[in-house]
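Have a look at the structure below before the remarks.
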Amino acid sequence: MTTSFTPLDTAYARDLANLRAEVERADGTGQCEDEADVFQQLTDPKLDVAQNTAGLWQGSQLVAYAMVYAPERVGDIARFDTAATVHPDWRRQGIGRRLVDWMRSRAEAIRAERHPGAPAELLIDGPAGNAGFAALARHARFAPSRYWFNMTYDLRANRPSAPGVPDGLRLTPFEPALDEAIRHAHNDAFRDHWNHTETDRTDWETWFTGARSFRAGLSCLLLDADGSVAAYLLADEYVADRAVTGDRACTIGHLGTRQSHRGRGAARALLAHTLAEAGKQKYDKAELVVDAANPTGALGLYERMGFTTERQFVTYARPLD
C-alpha cells in the first residue's frame, strides 16, 4: 500500500464509486452512488481537490479516502464537514486513525488561514449502530453531536390524503422563474437550524436545483398572495439507488417554510402533494433524512404522515485545538 496520501480528482471517480459500493454492501448504509454522482462531487467548485482530498491505494485499488469541506462563513462555530471511509477488507489496521489525523490537520490549516481565532469543530458522520466507527470516534476524542433519521414511506401500500392548502396560499408546481426566490426562502427557513450557513448561488446550482438528481416534476411551492414563496419542497431521485435496490425512490431533498408562515400546515400540504404525485408516477417509496432535534418538529410531522425510521446516523464532533 502507498504510505502517503495522494489527492483525488475526476480521473478517480470510478475508483471512489467502487470503494463506496463495497462499504455500502458491508455496512448497509443505504447510500448508493454511481460514477456520475462521484464525478459531480469531485467537480464541486467549492472543493479544493488538490489540498482537501486524499486517497490511499493498494496497487491499483483505492482502499481509503478522506475529504474536508471548508466552511465559507462562520456562525457560532466553524464546523468542518468531512467524508471518509476505509474498505471493509482494510479496517482495523490504523487507517481510520490516519484519515482522522489528516482531516484534523487540514481543518486546522484552513482555520488558521481563513478563520483565525474562531472556535471550530471537525465533524465525522456514520451509521449509529456501527461499533467500529463508534470505537474510532471515541479513540480520536470525538463525541456524539447530532443524530439523524433516514425515514421511508411505502407508496405501494399507502395513498396520502391531501390536506387543505393553508388559507391565503396557493400550491403550484416548481417554477424555474422562481428559483432565486426559492433560494432566499430556503435561507430564511433554515437560518435557525444546526450548522446552517447561507446557501449561495454556486452551492444552489451545484447541489439543489442544478443537481443531476433534482426532479422538478415532483417539486412544489406554496405562494403567498403577493407571489412570494412561503414554503417549498425540492425532490430528488438517485438513479444509483434503483440500480442497487430495484426500488424507485422519491427523495424529499429539501422541505422548508419561511418562519413567518410556520404553524399553518404548509409543510404537510407540500409533502402530501409530492407523495401523491410520486405515487402517480409509479415511484415505489419516498424517503428523507431528518435531524432528530429539528427545531420545527419535522420528525413528528413525518411520523404522523406515515413515514417510518429505516436507519439512524450520527454526527460526531471534536473541537479543533
Side-chain angles (χ1 to χ4, degrees), residues 1-9 16 19 23 27 41-42 44-57 62-87 90-148 190-200 203 291-293 295 312-321:
M1 185 194 308
T2 55
T3 57
S4 60
F5 293 110
T6 56
L8 299 173
D9 60 32
L16 184 50
L19 171 56
V23 170
D27 297 345
Q41 295 163 21
L42 291 172
D44 179 355
K46 299 290 185 68
L47 177 64
D48 184 344
V49 292
Q51 294 291 326
N52 297 333
T53 71
L56 278 175
W57 299 80
L62 181 66
V63 300
Y65 86 97
M67 298 178 180
V68 174
Y69 294 90
E72 295 180 88
R73 293 165 290 277
V74 176
D76 55 339
I77 296 175
R79 294 187 173 93
F80 288 81
D81 290 310
T82 64
T85 197
V86 179
H87 191 287
W90 290 88
R91 293 174 179 173
R92 298 176 179 84
Q93 298 184 41
I95 297 175
R97 291 192 295 273
R98 289 185 62 193
L99 295 179
V100 169
D101 289 343
W102 179 86
M103 291 187 294
R104 188 178 71 248
S105 176
R106 284 302 307 143
E108 288 172 347
I110 295 167
R111 180 181 62 163
E113 177 184 347
R114 303 183 189 179
H115 311 292
E121 291 180 335
L122 184 68
L123 307 179
I124 57 175
D125 304 286
N130 188 307
F133 177 63
L136 171 64
R138 288 194 302 270
H139 177 82
R141 296 190 289 122
F142 285 80
S145 175
R146 216 72 178 180
Y147 289 90
W148 311 86
F190 280 85
R191 58 188 165 92
D192 59 348
H193 286 54
W194 180 79
N195 201 28
H196 174 74
T197 56
E198 182 172 330
T199 301
D200 65 16
D203 285 335
D291 181 349
Q312 297 184 30
F313 296 86
V314 58
T315 296
Y316 290 91
R318 172 181 168 169
L320 293 181
D321 300 330

Can you name the residues that form a salt bridge (charged side-chain N to carboxylate O under 4.0 Å, His left out) with Asp48, not counting sequence neighbours? none

Separation of Lys46 NZ from Asp203 CG (nearest 0.5 Å): 3.5 Å

Which residues pass the side-chain contact (heavy atoms from CB on, under 4.5 Å) test with Arg92, sequence neighbours left out? none

The reported gap from OH in Tyr65 to CG in Leu19 (rounded to nearest 0.5 angstrom) is 7.0 Å

What residues form a side-chain contact (heavy atoms from CB on, under 4.5 Å) with Ala78, not counting sequence neighbours? Pro71, Val74, Phe80, Ala120

Let me confirm one number: the CG-CG distance from Leu8 to Leu47, rounded to the nearest 0.5 Å. 9.5 Å

Mind checking whether Pro295 and Trp194 have side chains closer than 4.5 Å, heavy atoms only? no

Scanning both residues in full, the closest heavy-atom pair of Glu72 with His115 reads O-CE1, 3.6 Å

Flag the pair Asp9 / Leu42 as yes when at least one side-chain heavy-atom distance between them is below 4.5 Å, and no otherwise. no

State, yes or no, whether a side-chain contact exists between Asn130 and Asp27 at a heavy-atom distance under 4.5 Å. yes

Under the salt bridge (charged side-chain N to carboxylate O under 4.0 Å, His left out) rule, what pairs show up with a residue in residues 117-133, not counting sequence neighbours? Arg79-Glu121

Output the distance between atom CZ (Arg106) and atom CE (Met67), rounded to the nearest 0.5 Å. 14.0 Å

My understanding is that only residues two or more places apart in sequence, or in another chain, count here; which of them pass side-chain contact (heavy atoms from CB on, under 4.5 Å) with Pro7? Thr53

Taking only residues two or more places apart in sequence or in another chain, which ones pass salt bridge (charged side-chain N to carboxylate O under 4.0 Å, His left out) with Glu198? none

What pairs with Arg146 under salt bridge (charged side-chain N to carboxylate O under 4.0 Å, His left out), at least two apart in sequence or on another chain? Asp291

Contacts of type ring pair (Phe, Tyr, Trp, His ring centres under 6.0 Å), residue His139, not counting sequence neighbours: none

Any side-chain heavy-atom pair of Leu56 and Trp90 under 4.5 Å: no

Considering all heavy atoms, the nearest Ala107-Leu320 contact: CB-CD1, 3.9 Å

For Phe142 and Val100, run side chain to side chain contact (heavy atoms under 4.5 Å, CB included): C-alpha distance rounded to whole Å, both residues' side-chain angles, the deciding distance at 0.1 Å, then the answer. CA-CA 10 Å; Phe142 285 80; Val100 169; 3.7 Å; yes

Go through the structure and list residues passing side-chain hydrogen bond (donor to acceptor under 3.5 Å, both in side chains) with Asn195, not counting sequence neighbours. none

So, Arg98 and Asp101, do they make that salt bridge, N to O below 4.0 Å? no

Please name all residues satisfying side-chain contact (heavy atoms from CB on, under 4.5 Å) with Thr82, sequence neighbours left out, ordered by chain then number. Val68, Met103, Leu122, Ile124

Asp81: which residues meet the salt bridge (charged side-chain N to carboxylate O under 4.0 Å, His left out) condition with it, sequence neighbours left out? none

Can you tell me how far CZ of Arg111 sits from CG of Asp321, rounded to the nearest 0.5 angstrom? 7.5 Å

Taking atom CH2 of Trp148 and atom CD of Gln312, what is their separation to the nearest 0.5 Å? 13.0 Å

Min side-chain heavy-atom separation Leu62-Leu16 under 4.5 Å: yes

Side chain to side chain contact (heavy atoms under 4.5 Å, CB included) between Thr85 and Leu99, worked out: CA-CA 8 Å; Thr85 197; Leu99 295 179; over 6 Å; no

Would you indicate whether the side-chain heavy atoms of Leu136 and Arg91 approach each other to under 4.5 Å? no

Using the test ring pair (Phe, Tyr, Trp, His ring centres under 6.0 Å), find all partners of Tyr316 that sit at least two apart in sequence or belong to another chain. Phe133

